[in-house]
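The structure under discussion appears below in the form of structure tokens.
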Amino acid sequence: MVTENRASLCTGCGVCVAICPKKCLKMELDANGFYRAVCDESACIQCGLCDKVCPKFMDIKDAEVACAVSAVSKDEKTLGSTSSGGLCYEIAKKALLSGKKVCACVYNYEQHRAEHAVITTVADLEATKGSKYFQSYTADAFCELLDGSEWVVFGAPCQIAAVDAMAKTKKLRDKMLLVDFFCHGTPSMNLWKKYVEEQGGSNIQKIDFRSKEFGWHSFSLRFTYQDASIGTDYKDNMFYTFFFGNYCLGDACYECHFKALKSAADLRVGDFWGEKYRDDKKGVSCCVAFTERGRTELEALSSVCRICDETVDEMLKEQMVKSPACPKQRGVVLKRLRERKKLKTIYNTTLLPYRVKCKIKSILGR
Ligand SMILES: Cc1cc2nc3c(=O)[nH]c(=O)nc-3n(C[C@H](O)[C@H](O)[C@H](O)COP(=O)(O)OP(=O)(O)OC[C@H]3O[C@@H](n4cnc5c(N)ncnc54)[C@H](O)[C@@H]3O)c2cc1C
């Protein structure tokens, strides 16, 4: 099917590709750097399965909370190399050790993109550490979720809601533990591609997406180059400036159906922002269990993580609980990202004048 409506609101989750019985759908990056489902209409049999699993057509209510906790891995190496408290890594490791398969996001250094992969060994789990703050290409890995194995699947809330719908349709939901995260949204791949090119492109050997060198609260990226030299982009990081300012998120992110507690997952993880852990330097994960299965899973992690009961209110204090407004500069930013201009130039010509204007207004207002 994949109507015009779907193409414009597509979250790029890739689940329609996995469920299509005729394999007539594929995910493609559009000109603005967002994954979109594209359909070969001549092969489509109008079965409607793609619409059934599409997150854009879902009306998700706040999920019931079974428990809310903070979690920190007891392993210092894990804590140092993960995004917040290393909870996702510990959940995945436990699953692998009990014979389950894991589907999670890794970084492809040849194509400089994030993609979901099937992980079956603890050694391969290393590559899933760290949040890659842009859309992940999921379609190939999600096709494997229907093999009847026991799975733990990690992903953005829209991806996980679609996987949940697919698993229910195929009567496989009991075999899956689904883990999503509090999600800010995903920026254009054109932003990431431009940024990574400016940081060294093909000379980059490794990226630490959430380097904790300057503390867990500082968003900085650390690059290891082919010649073993190292660079950290910490202050005035152009990638995070465009991302956190919401200047180039996907269309669907401005109308997100999955903020706060709206989730189809068993567990929702995130960074435990806010007053309580403000002085913590190493990282604390927050986690809400929405199902008994999720709650049991958390309880079973107490030997590898320090887990404390928390309130959901405390957890949500500094989370983005509503979709962001679409800034008026988004159109021009997306256009400039398609051109051969440096990020700093785009910033200076599109965002800086606006920011200066806002600053002057606020000073005059005072
Ligand atoms: C695009 C994006 C936006 C986010 N926004 C917020 C937010 O607003 N507030 C908040 O508290 N937390 C947010 N997070 C989650 C946060 O960055 C951490 O993932 C979370 O704190 C768990 O940390 P950890 O130490 O357990 O993760 P780790 O153990 O480092 O594991 C990271 C996990 O995230 C998964 N992952 C990484 N990149 C992607 C991706 N691109 N798509 C799908 N899955 C991915 C991996 O599969 C892995 O399971 C966001 C993550 C992403 C990818």
Side-chain angles (χ1 to χ4, degrees), residues 11-14 35 69-73 75 77-96 102-108 113-119 124-138 141-142 152-160 162-163 177-189 191-192 207-212 216-217 219 239-240 243-244 246 249-250 253 256 258-260 265 267-274 277 282-288 298 301 304-305 315-324:
T11 67
C13 75
Y35 286 112
V69 301
S70 56
V72 176
S73 171
D75 180 60
K77 189 170 160 270
T78 299
L79 188 55
S81 53
T82 50
S83 300
S84 54
L87 180 60
C88 290
Y89 178 83
E90 295 294 2
I91 294 170
K93 186 173 169 189
K94 177 178 163 288
L96 289 175
V102 167
C103 183
C105 179
V106 302
Y107 191 71
N108 178 328
R113 72 173 192 181
E115 55 193 33
H116 269 60
V118 173
I119 310 287
D124 287 345
L125 200 55
E126 204 62 26
T128 70
K129 285 175 172 175
S131 297
K132 296 94 189 161
Y133 288 110
F134 35 88
Q135 279 179 311
S136 170
Y137 174 83
T138 57
F142 281 179
V152 178
V153 188
F154 294 88
C158 49
Q159 294 168 342
I160 291 299
V163 169
L177 178 81
L178 302 183
V179 186
D180 69 10
F181 45 77
F182 289 105
C183 185
H184 184 99
T186 44
S188 161
M189 277 297 288
L191 170 67
W192 175 252
I207 305 174
D208 290 325
F209 288 91
R210 285 283 298 274
S211 165
K212 293 177 178 171
W216 154 61
H217 288 89
F219 274 81
F239 174 72
Y240 284 130
F243 173 35
F244 290 145
N246 307 319
L249 302 181
C253 299
C256 178
F258 306 100
K259 286 284 191 255
L267 295 170
R268 172 162 286 184
V269 298
D271 287 49
F272 209 127
W273 302 130
Y277 298 105
K282 294 182 175 176
V284 180
S285 299
C286 61
C287 185
V288 188
L298 282 178
L301 285 171
V304 289
C305 289
M315 217 169 264
L316 292 181
K317 265 183 192 160
E318 292 195 20
Q319 290 293 346
M320 194 192 235
V321 292
K322 283 192 192 140
S323 304

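In listed order, ligands and their atoms are each counted from 1.
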Is there a donor-acceptor pair under 3.5 Å between the side chain of [X] and the backbone N or O of [Y]?
X    : Y    : result
S83  : S131 : yes
H116 : F154 : yes
K212 : K282 : yes

Could an N or O of ligand 1 be found under 3.5 Å from any N or O of [X], whether backbone or side chain?
X    : answer
K132 : yes
F181 : no
Q319 : yes
G270 : yes
Y133 : yes

Taking only residues two or more places apart in sequence, or in another chain, which ones meet K94 in a salt bridge (charged side-chain N to carboxylate O under 4.0 Å, His left out)?
-> E297
Nearest non-hydrogen atom to [atom] belongs to which of [options]?
atom                    : options               : result
atom 30 (O) of ligand 1 : G130, C286, A71       : G130
atom 33 (C) of ligand 1 : C88, G155, G85        : C88
atom 43 (C) of ligand 1 : H116, Q135, E115, K93 : H116

Any side-chain heavy-atom pair of C287 and V69 under 4.5 Å = yes
Closest protein heavy atom to [atom], given as residue, atom name and distance to 0.1 Å:
atom                    : answer
atom 23 (O) of ligand 1 : S84 OG, 2.9 Å
atom 35 (C) of ligand 1 : C105 CB, 4.2 Å
atom 16 (C) of ligand 1 : D271 OD1, 3.2 Å
atom 19 (O) of ligand 1 : S131 OG, 2.9 Å
atom 42 (N) of ligand 1 : S136 CB, 3.8 Å
atom 8 (O) of ligand 1  : H184 N, 3.2 Å
atom 29 (O) of ligand 1 : Y89 N, 3.1 Å
atom 7 (C) of ligand 1  : F182 O, 3.0 Å

Shortest non-hydrogen contact from P157 toward F258 = CB-CB, 3.4 Å
Can you tell me if [X] contacts ligand 1 (heavy atom of the residue under 4.0 Å from the ligand)?
X    : result
M320 : no
W273 : yes
E90  : no
F134 : yes
G185 : yes

Which atoms from ligand 1 have a heavy atom of [X] less than 4.0 Å away?
X    : answer
K129 : 30 (O)
A104 : 47 (O)
T186 : 1 (C)
T128 : 31 (O), 32 (C), 46 (C), 48 (C)
R210 : 17 (O)
Q159 : 43 (C)

List the atom pairs, donor and acceptor, that lie under 3.5 Å between side-chain atoms in residues 177-187 and the rest of the protein, sequence neighbours left out.
residue, atom, partner, partner atom, Å
D180, OD1, R268, NE, 2.9
D180, OD2, S263, OG, 2.9
D180, OD2, R268, NH2, 2.9
H184, NE2, N246, OD1, 2.7

Quick one: do K93 and D75 make a salt bridge, cutoff under 4.0 Å?
-> no
